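Here's the structure we're looking at; comments come further down.
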Amino acid sequence: MSRHLFYGCLLSEIKVPMQSGMAIKLTDVSKRFGAVRANDKVSLSVEAGTIHGIVGENGAGKSTLMSILYGFYQYDSGTTEVFGKDHYFNNSREALAAGIGMVHQHFMLVDPFTVLENVMLGNEGGKLLKEGREQARTELTRLADEYGLSVDVNARVSSLSVGHQQRVEILKALYRGAKILILDEPTGVLTPQETTELFRILNALKDQGVTIILITHKLQEIMAITDNVSVMRAGKMVAHRKTSETSKEDIAELMVGRKVLLQVDKDESVTGKPLISVKNLTVKDAQGIERVKNVSFDVKAGEVVGIAGVSGNGQSELLEALSGITKIDEGSIEINGSLLTRKQPISPSKMRDIGLAHVPEDRHRMGMVNSFAAYESSALGYHNDEAYNGRFLMSRQKVKEYCGKLMDAFDVRPRDPNLKSANFSGGNQQKLILAREIERNPDILLVGQPTRGVDIGAIEFIHKRIIEMRDAGKAVLLVSVELEEIISVSDRVLVMCDGYISGEVSAAEADEKTLGLMMTNTDAAANLEEVVS
Amino acid sequence: MNDWFTIFILTLDATMRVSTPLILAALAGLFSERSGVVDISLEGKMLAGAFAAAAVASIAGSAWIGLLAAIAVSIVLALLHGFACITHRGNQVVSGVAINILAAGLTMVLGLHWFKQGGQTPRLDNEARFLSLDLPGAQAVADVPYLGKIYEELISGHNILVYVAFLMVPFTYWVVYKTRFGLRLRAVGENPNAVDTAGISVVKIRYLAVICTGILCGIAGAYISTAHNAQFVRDMTAGQGFIALAALIFGKWRPFQVLFACLLFGFLDALAVRLQGVSLPGIGEIPVQFIEALPYLLTVILLAGFIGKAVAPKASGIPYVKER
Amino acid sequence: MSQGSHEMPFWMDAILLPFLNIVTAFAATAVIFLAIGVDPVEATQILLFGAFGYEEGIGYTLFFTTNFIFTGLAVAVAFHAGLFNIGGEGQAYIGGLGAGMLCLFLGQWLPGLLVIPLAIVAAALFGAAWAYIPAYLQAYRGSHIVITTIMFNFLASSLMVYLMVDVLKEDGQQSPQSAEFAESSWLYSMHDFLAIFGVEIEASPLNLSIFLALLAAVFVWIFIWHTRWGYEIRTIGSNATAGVYAGIKPARVIVLSMCISGALAGMVGVNEVMGVHHRLMLDFHVGYGFAGIAVALMGRNHPVGIILAALLFGVLYQGGAELAFEMSNINRDIVVVMQGLVILFSGALEFMYRPWLMRMYLAISGRGDKQEVAA
């Protein structure tokens, strides 16, 4: 075992862990951020020498839990045992000393540094770098060989591929003597090939006795590599399973949770001509990673098309491309007869002019300005409207009056246009944004996560409004991670997975099981299963 | 021919003297900015240091005690900057502006109170100043053509702080690139999260960095008032702190390139003095102000990415808050 | 987690906190007074007398106030767009150059009614142009506006020295200043102006520019809060992502707000060059640009606040001069110290008391919370 004991360092001695027993045992750990309960009495046991998956939707509290385990955050109540010993980590150094290493979702690497410098940071082995450098190099090379993590020790991190940067993160943890390795969404930034390679490495680590905790929201990964899996939802731990005794569907259900079935009354849809027509659309993010991959679909007048999928699979980028916010890379989008291509972008304000309204997914980041009064947020995107403006002046009175009308129409409470936007409840903020976008009678409505953080009463109201839009002959594209919502509101459901559209069903055929399978159905996933099994 | 050579050597000699405070201040800025703390108050710290050095040297009669005072005062201002920017996560630019203005005002107010000379300090005797040192054999080789001149005029005959400044460049290089502290300093300016997750205190590293800034700015200030001049007068740093800032950017936050930038800017200054009223064949008279403005102009052009790219440490200017 | 997760009531954030900051700055000033053996109370009395005690003093106070209103507004407009315009010094200087050159070259040919508005426009345009370049470089080339505007302050200085020494200097003069403008291009001083209506006041540098400053304040108020362009500026300054969603182009907002900011700073030139000196000279602008930062910070970037803060600084400037005159052991630089302390405590250490206030507030309102839980 001693071979993967870290090389002499400032950390306290670690006892070589026993091969069996619990590596980690958390009991009733709670953590609040202000009013938010990020973790609510979470308990977790991780067997030593296994790969343990933790799944949950975004915001379920996985990352917070791991940050606690890693000593980055301090919990409010509960207990932690590592290899049978009680611990309370005041900082990352203490967690490291207890043998816990973490590979963050956003790498904690210094880009202009070499691999060696990154690994040495915090463990330099003396006041002068040369004192520890050669030993570090030897140790690093040894670790790299042992686990098949080949990487050029002298290369600058910024010149490495994302997959190799991740290896550096893993090496960093191992170098510091990690016996327990936490990986937070490790495959989010990887290509399928890199993912395969990562899983090979993780299996190798496991064979050497390292305990691995894998945080992810991708079910195929859980099935492909873990021994046990724990499911989190809304800050709570809802289930623990042996991977061999469970199924994707089972876990998907646990993740999403059974919700009150929301019944939406609606008639058959009467569809007209397509108002949104997307052909072979590809969108890259700022880092140049493809987020939407060769996607084609239509949305016709008089129908609601729902896009289902676990969040982070390209839906956000799709919405931003459709609304003109981000440039597209390939393919074309036709909106109400206007063609958008890479060379011929259409600005968000032009989009509004041609009849497209957009309720963004994240209202705080995009949908409104928190520090603005409600009436100011109610003009966002429409501030050039003739109704508000004279030749030079913008009439606050008119904006307020119109805001008052919006508030009446959508029952926004309190009905006070002067109140700061941030001081409304989530549901009322959302209703105001919907009112802003819907009341101008657009031909096309894009809606992202319309009911996120919204109370039940408002949900029903919002759904009704969306159906009304459809009945009025508008084209509605609904993006939501809530399957219930997708199923009950949409006429047709597309499923996005890893940037692709991985399936399409009519609302009548759609149920959670079918959708859940489609949501996890990628070629990459198929590859994985082959490789691992 | 020999005349031209002499003029050339003398200009270079002047360059060294003019560059010295720039080098010290720019290296001071390097420590702070490499740790992610933007510091536009190099000027203010230098000014306060110059005042402290001249004031204390005139009372104590020792340039060395004056130097210590300059360093102490400059460190206090640096810690104030740290208190505002590191502890309270205040706006680094606003804090820098405050310190510059505070230093400009306080030096005059205290100077008047202590010395009753309208804000100036008394002229220093030679014992209370850093005087030129003749290196061994300088006189002996003075007559050797060229090389002798170079040794006597250019290399010998400066005060100790000039040598300190030039030695500070390799020293800074060594600290920043060869020591544990330097590794952590550079890391904290690029990605403080990486440092925090490695179990090192971001706050501590940044405070150490601004203290280094304080020390070097103090030396620069002492040089201006007790070596280059013999008293403190109003606004005597005259924007050199900002030229140093420009040199820091121009040198892309690297010690030897910063030295080069300081020498270039110092040379331009020395040249401006020498070219005053001189008509160059074929060009005519170059306005002195144009040459004086060149450092600023070059820095603007560099920042706009027209000649190479100056990329600041990634985390500079951003207060560190643990992310969720 | 951001500090915003707990909200303090509006009045604590907007009134109590700034008030505590100012009190701290003044307390620190008092300590400095004591350190140099001056009785702070006596000093305050002299200062207030100098600022308000006699007509000429009031004139000076309002004259300085005029400059501070201009530079305070300039900094505020940029702040609303999320930008830090530290180049007010240079913009004021170049603005004066614009006004001065127009008066110098056209003053003798055109009637005052034409020259004066043209010169004011020239000041605005020159100031705006000096801000445009850093703005453009920030918007389209990504160079940091703080550094560029600092550099532009020095470039303005060099340019002015060159022009005053080599180009615009009056023939036969020793000092670097231009010829005097034709009288038609002088801005009425307040005492001359009021004399038209038969009101006699003591002579002071106060001139009609103060009305221009008040107009500028009204303009900024209307522009920022009552036009779509102001709406765009505030949106980008508060939440750039939401701005992009709304179809606003950040680069255009950067350029627009900086040009307005520069034009406002350039107005200092009108007050100084056309109102008082009636000729171009060196260093008429010194210190006002930086003081504008303090004024904007204190005035919370609102024109009303800025006018009040500018008045406070006008009082400090004029009162400080009186203080230096009356007391041999103090000089005008005490005002600079105060200014530095205001920027330090109202700006850099803006939130120093926040955690402490927060705890106080929670301790008081916290009881309510517990009851809620219990119930």
Side-chain angles (χ1 to χ4, degrees), chain A residues 31-36 38 64 73 319-320 323-326 346-353 358-373 375-377 379-386 388-397 399 419-423 433 436-437 448, chain C residues 1-11 13-14 79-82 142 218-253 256 260 300-302 355 358-359 361-362 365-366 368-369 372-373:
Chain A
K31 171 74 181 170
R32 291 174 65 133
F33 291 104
V36 182
T64 306
Y73 294 134
L319 270 186
E320 289 184 11
S323 56
I325 294 171
T326 42
I346 301 179
S347 73
S349 45
K350 186 85 204 309
M351 280 291 186
R352 288 188 179 86
D353 292 343
H358 174 199
V359 177
E361 289 182 300
D362 186 339
R363 56 181 170 268
H364 295 289
R365 207 172 66 87
M366 209 176 247
M368 55 181 223
V369 180
N370 282 325
S371 59
F372 276 11
Y375 75 90
E376 291 180 300
S377 278
L380 193 68
Y382 302 95
H383 59 282
N384 283 318
D385 192 317
E386 284 169 19
Y388 294 150
N389 289 286
R391 187 157 185 175
F392 297 109
L393 297 187
M394 185 170 181
S395 165
R396 295 168 89 159
Q397 201 47 47
V399 181
L419 191 66
K420 209 166 107 175
S421 307
N423 292 350
I433 294 170
R436 178 182 76 205
E437 301 302 327
Chain C
M1 271 315 260
S2 69
Q3 292 172 315
S5 56
H6 284 302
E7 284 250 351
M8 289 199 298
F10 174 78
W11 63 270
D13 242 348
F79 258 139
H80 278 294
V218 175
F219 164 78
V220 167
W221 180 69
I222 292 175
F223 183 79
I224 292 292
W225 283 280
H226 295 272
T227 70
R228 59 193 108 156
W229 306 288
Y231 182 90
E232 294 194 342
I233 287 175
R234 286 183 298 125
T235 306
I236 292 294
S238 330
N239 182 347
T241 319
V244 172
Y245 158 78
I248 301 166
K249 295 193 173 69
R252 260 180 40 192
V253 165
L256 174 70
I260 291 173
R300 302 238 122 192
N301 299 316
H302 191 283
M358 198 72 209
R359 273 200 300 277
Y361 173 66
L362 287 180
S365 66
D369 259 359
E372 231 171 78
V373 174

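Just so you know, these numbers come straight off a predicted model, no measurement behind them. A note on names: the letters A, B, ... follow the listed sequences, proteins ahead of strands, and every chain is numbered from 1.
Once rounded to the nearest 0.5 Å, the distance linking OH of Tyr245(C) with CZ of Arg365(A) reads 12.5 Å. Atoms CD1 and CG, on Ile248(C) and Leu380(A) in that order, are 6.5 Å from each other to the nearest 0.5 Å.
In terms of heavy atoms, His383(A) sits closest to Arg228(C) at O-CB, 3.8 Å. Residues Val369(A) and Ala242(C) share a closest heavy-atom pair of CG2-CB, 4.1 Å.
Of the atoms belonging to Arg352(A), it is side-chain heavy atoms, and not backbone ones, that fall under 4.5 Å from chain C. Heavy-atom distances place the backbone of Met368(A), and not its side chain, under 4.5 Å from chain C. With a 4.5 angstrom heavy-atom cutoff, His358(A) touches chain C via backbone and side-chain atoms both. Heavy-atom distances place no part of Ser323(A) under 4.5 Å from chain C, backbone and side chain included. Only the side chain of Trp229(C) comes within contact range of chain A, with at least one heavy atom under 4.5 Å from a heavy atom of that chain. Of the two parts of Arg391(A), only the backbone, made up of N, CA, C and O, holds a non-hydrogen atom closer than 4.5 Å to a non-hydrogen atom of chain C. Neither the backbone nor the side chain of Glu320(A) comes within contact range of chain C; no heavy atom of the residue lies under 4.5 Å from a heavy atom of that chain.
Options Met351(A), His364(A), Glu376(A) differ in how many heavy-atom pairs under 4.5 Å they form with chain C, and the most are formed by Glu376(A). Between chain A and the residues Gly247(C), Ser238(C), Ala246(C), the largest count of heavy-atom pairs under 4.5 Å involves Ala246(C).
Leu393(A) is listed as a side-chain neighbour of Ile222(C), based on a closest heavy-atom distance under 4.5 Å.
More than 12 heavy atoms of other residues, nucleotides or ligands lie within 6.0 Å of CH2 in Trp225(C), so this atom counts as buried by the packing criterion.
Across Tyr382(A), Tyr375(A), Phe372(A), a single residue satisfies ring-ring contact (aromatic ring centres under 6.0 Å, His included) together with Tyr231(C), and that is Phe372(A).
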